[in-house]
Each structure stands twice: as C-alpha cells, then as structure tokens.
Undergrad: 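Below is a structure I'd like to ask you about.
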Amino acid sequence: MEKEILFSKEAIAGRVRELAAEISRDCAGRELVVIGILKGAFVFMADLIRQLQVPCVVDFTQLASYGSGTVSSGSIVIKKDIGIGIEGKDVLVVEDIVDTGLTLDFLVRTLRERRPRSLKVCVFLDKRMRRKVPFTADYTGFAIDDGFVVGYGLDCNEQDRSLPEVYVIKE
Ligand code: IMP
C-alpha cells in the first residue's frame with residue numbers, strides 16, 4: 001500500500017511536548033490517572049506521560065466495536081476494563097484518534113458513571129469532519145482531514161503501528 005508522510009518525528013515530538021505542558025499547567029498540584037485505549041494509544045501515551053510535570057498512574061482499557069473494516073458500527077463493548085478505581089480521581093483518557101466519536105462518547109459516559117473528580121480526554125489526531133456523535137476532546141494533537149492514517153501506534157489491519165511518523169494511506 002502506498003503512503004505519504006503526514007507528520008514527521010520532529011513535528012510529533014514538538015506537539016507532544018506542547019500538549020504535555022498544557023496538561024501539566026491545567027493539572028498542577030494533582031495526581032492523574034492516565035487511561036490509554038488499547039491498542040493504538042500506547043505509543044502516544046508513552047511519549048506524553050514522560051513529558052508530564054505532574055505525577056500519574058497509568059492503566060489501559062480495550063474496547064471492541066462491532067463493525068467491519070475501518071468503520072465503527074456504533075455498538076461498543078468493554079473488552080478489557082481498567083483495574084484502578086477512579087472515584088474521586090482526576091482522570092485523563094488518552095486516545096490515538098477520534099473519528100466518528102462513537103468510541104470516546106461511549107467510554108466517557110461509562111467512566112463518568114464511576115464518579116471521577118474530573119475527566120478529560122487527550123487525542124493525538126482528530127478527524128472532525130467524520131463525527132456521527134458530537135464529541136470534542138479537551139486536548140488535541142492535530143486536526144486532520146478525512147483519509148486513513150497509520151504509524152505512531154495507529155494501524156491498518158495491525159500493520160504499521162511501529163512507524164515513528166504518521167502516514168496517510170493513498171487510495
Ligand atoms: P471512532 O469511534 O469512529 O471515533 O473511532 C476511533 C477508532 O477508530 C480509533 O481508536 C482507531 O482505532 C480507529 N480509527 C479511526 N480512524 C483511523 C485511522 O485513520 N487510522 C487508524 N485507525 C483509525
């Protein structure tokens with residue numbers, strides 16, 4: 001599959017530093033529970049937490065969406081739950097990309113029921129034009145146009161997660 005570079009290692013590192021600085025400012029004096037959504041978020045989350053100036057504990061959740069191929073269908077279930085209680089805690093959910101918004105809308109509603117003190121969402125990429133439900137992240141790395149992207153944790157059929165840059169797949 002042919003692909004074209006969208007964000008270089010340097011562009012990604014610069015933006016991750018800015019996001020971490022913004023989150024650290026907003027959350028000064030608090031300890032964060034950082035929750036990554038498997039699998040795609042693990043690379044971004046690893047870079048982000050190492051730049052945070054506030055203490056954090058980390059956990060992961062994995063969701064499954066019943067649909068085919070590259071589109072989520074809307075029916076989402078928790079495949080792996082977090083192991084940490086979040087009641088009264090300051091939570092930061094970290095995700096690789098928000099597309100239709102269905103995944104994060106579901107997860108945020110689910111986690112809010114557990115009554116965290118605060119809950120914010122940080123996404124690396126945002127395909128704003130493709131929303132099926134309204135969803136706005138508190139922190140966004142880059143807004144991108146429609147098109148399928150891989151690298152920096154993002155995959156296409158499990159391929160290309162390990163690429164250090166972000167690429168858009170050409171039709
Ligand atoms: P949403 O529920 O439609 O917002 O979907 C979010 C999920 O879809 C992400 O966690 C990704 O797993 C996947 N996804 C959406 N767009 C892309 C893409 O361009 N590349 C890789 N995965 C994507």
Side-chain angles (χ1 to χ4, degrees), residues 6-63 65 72 76 78 80-145 149-155 161 163-166:
L6 193 58
F7 299 112
S8 67
K9 279 195 266 191
E10 294 73 21
I12 294 169
R15 189 67 190 116
V16 171
R17 258 197 309 278
E18 289 173 357
L19 287 171
E22 202 182 331
I23 294 166
S24 301
R25 261 196 316 273
D26 292 351
C27 302
R30 302 196 165 185
E31 182 189 80
L32 289 178
V33 178
V34 182
I35 300 174
I37 308 181
L38 292 170
K39 300 176 190 174
F42 80 104
V43 176
F44 173 46
M45 179 160 150
D47 284 348
L48 186 73
I49 60 167
R50 284 179 292 172
Q51 303 273 343
L52 287 179
Q53 302 298 312
V54 291
C56 67
V57 297
V58 300
D59 205 344
F60 291 93
T61 186
Q62 188 164 21
L63 305 170
S65 131
S72 32
I76 296 165
I78 296 180
K80 179 217 173 292
D81 203 348
I82 49 170
I84 295 178
I86 58 167
E87 187 170 347
K89 302 279 174 74
D90 294 298
V91 172
L92 179 71
V93 172
V94 176
E95 173 64 313
D96 54 357
I97 188 164
V98 52
D99 183 20
T100 62
L102 291 165
T103 305
L104 278 166
D105 176 67
F106 168 83
L107 184 64
V108 165
R109 279 188 287 112
T110 304
L111 294 179
R112 278 204 200 290
E113 286 170 10
R114 302 180 190 180
R115 292 188 290 175
R117 175 158 70 171
S118 66
L119 198 165
K120 289 187 172 176
V121 177
C122 177
V123 297
F124 177 58
L125 298 174
D126 187 347
K127 288 189 200 169
R128 283 185 186 148
M129 286 162 20
R130 291 192 22 104
R131 286 296 191 283
K132 286 188 183 156
V133 290
F135 181 85
T136 308
D138 300 279
Y139 306 98
T140 301
F142 300 103
I144 60 171
D145 294 335
V149 291
V150 295
Y152 200 61
L154 291 138
D155 74 305
R161 284 193 203 278
L163 299 175
E165 305 85 11
V166 171

Undergrad: How long is the straight-line distance from CG of L19 back to SG of C122, given to the nearest 0.5 Å?
TA: 5.0 Å

Undergrad: Are any of the side-chain heavy atoms of D26 and I23 separated by less than 4.5 Å?
TA: no

Undergrad: Give a yes or no answer on whether the side chain of R130 reaches the backbone of D145 with a donor-acceptor pair at less than 3.5 Å.
TA: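 Judged by distance alone, no pair lies under 3.5 Å.
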
Undergrad: Hey, is R161 close enough to D96 for a salt bridge, meaning N to O under 4.0 Å?
TA: no

Undergrad: So do R15 and F7 actually touch side chain to side chain, heavy atoms under 4.5 Å?
TA: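 With C-beta onward as the side chain, the pair stays apart.
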
Undergrad: Is any side-chain heavy atom of F142 less than 4.5 Å from a side-chain heavy atom of V166?
TA: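 Not in contact.
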
Undergrad: Please check: side-chain N/O of D59 versus main-chain N/O of I84, any donor-acceptor pairing under 3.5 Å?
TA: yes

Undergrad: Please determine whether the number of non-hydrogen atoms from other residues, nucleotides or ligands lying under 6.0 Å from atom CZ of R115 exceeds 12.
TA: no

Undergrad: Quick check on side chain to side chain contact (heavy atoms under 4.5 Å, CB included): which of C27, P55, S118 does L32 satisfy it with?
TA: C27

Undergrad: Does the D138 side chain pair with the main chain of V121, one donor and one acceptor, at a distance under 3.5 Å?
TA: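 It does hold such a pair.
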
Undergrad: Using the rule given for side chain to side chain contact (heavy atoms under 4.5 Å, CB included), can you reason through T103 versus E95, listing the C-alpha separation, both sets of side-chain angles and the distance that settles it, and then say yes or no?
TA: CA-CA 10 Å; T103 305; E95 173 64 313; 4.2 Å; yes

Undergrad: Is the shortest side-chain heavy-atom distance between V57 and E31 below 4.5 Å?
TA: yes

Undergrad: Does E22 come within less than 4.0 Å of R25, counting only side-chain N to carboxylate O?
TA: no

Undergrad: How far apart are the closest heavy atoms of I97 and V149, and which atoms are they?
TA: CD1-CG2, 3.8 Å

Undergrad: Is any side-chain heavy atom of L111 closer than 4.5 Å to one of I82?
TA: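 Yes, their side chains come closer than 4.5 Å.
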
Undergrad: Between A137 and V123, what is the shortest heavy-atom contact and its length?
TA: CB-CG2, 3.7 Å

Undergrad: Measuring only between side-chain heavy atoms, which start at C-beta, is L102 closer than 4.5 Å to S65?
TA: no

Undergrad: Can you tell me how far apart CG (L63) and CG (D81) are? Round to the nearest 0.5 Å.
TA: 9.0 Å

Undergrad: Could you tell me whether the side chain of K9 reaches within less than 4.5 Å of the side chain of I12, counting heavy atoms only?
TA: no

Undergrad: Would you call the rings of Y152 and F44 parallel, tilted or perpendicular if under 30° counts as parallel and over 60° as perpendicular?
TA: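 Tilted.
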
Undergrad: Looking only at heavy atoms, which two atoms of V34 and C56 are closest? And how far apart?
TA: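 For V34 versus C56, the nearest heavy atoms are CG2-CB, 3.8 Å.
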
Undergrad: Can you name the closest pair of heavy atoms from V54 and S24 and give their distance?
TA: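 What the structure gives for the nearest pair is CG1-O, 3.9 Å.
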
Undergrad: Would you find more than 12 non-hydrogen atoms of other residues, nucleotides or ligands less than 6.0 Å from K80 atom NZ?
TA: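 Yes, enclosed.
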
Undergrad: I want to check something: taking the side chain as every heavy atom from C-beta on, are L125 and L154 in contact at a cut-off of under 4.5 Å?
TA: yes

Undergrad: Any chance you could measure L107, atom CG, to I37, atom CD1, to the nearest 0.5 Å?
TA: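 Result: 5.0 Å between the selected atoms.
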
Undergrad: Does K120 use its side chain to pair, donor to acceptor, with the backbone of Y139 at less than 3.5 Å?
TA: no

Undergrad: Shortest non-hydrogen contact from I35 to M45?
TA: C-SD, 4.2 Å

Undergrad: Within the distance-only criterion (no hydrogens, no angle test), does the side chain of T100 pair as donor or acceptor with the backbone N or O of R131 below 3.5 angstrom?
TA: no

Undergrad: So, taking the atom named CZ in R17 and the one named CZ in R50, what distance separates them when rounded to the nearest 0.5 Å?
TA: 13.0 Å

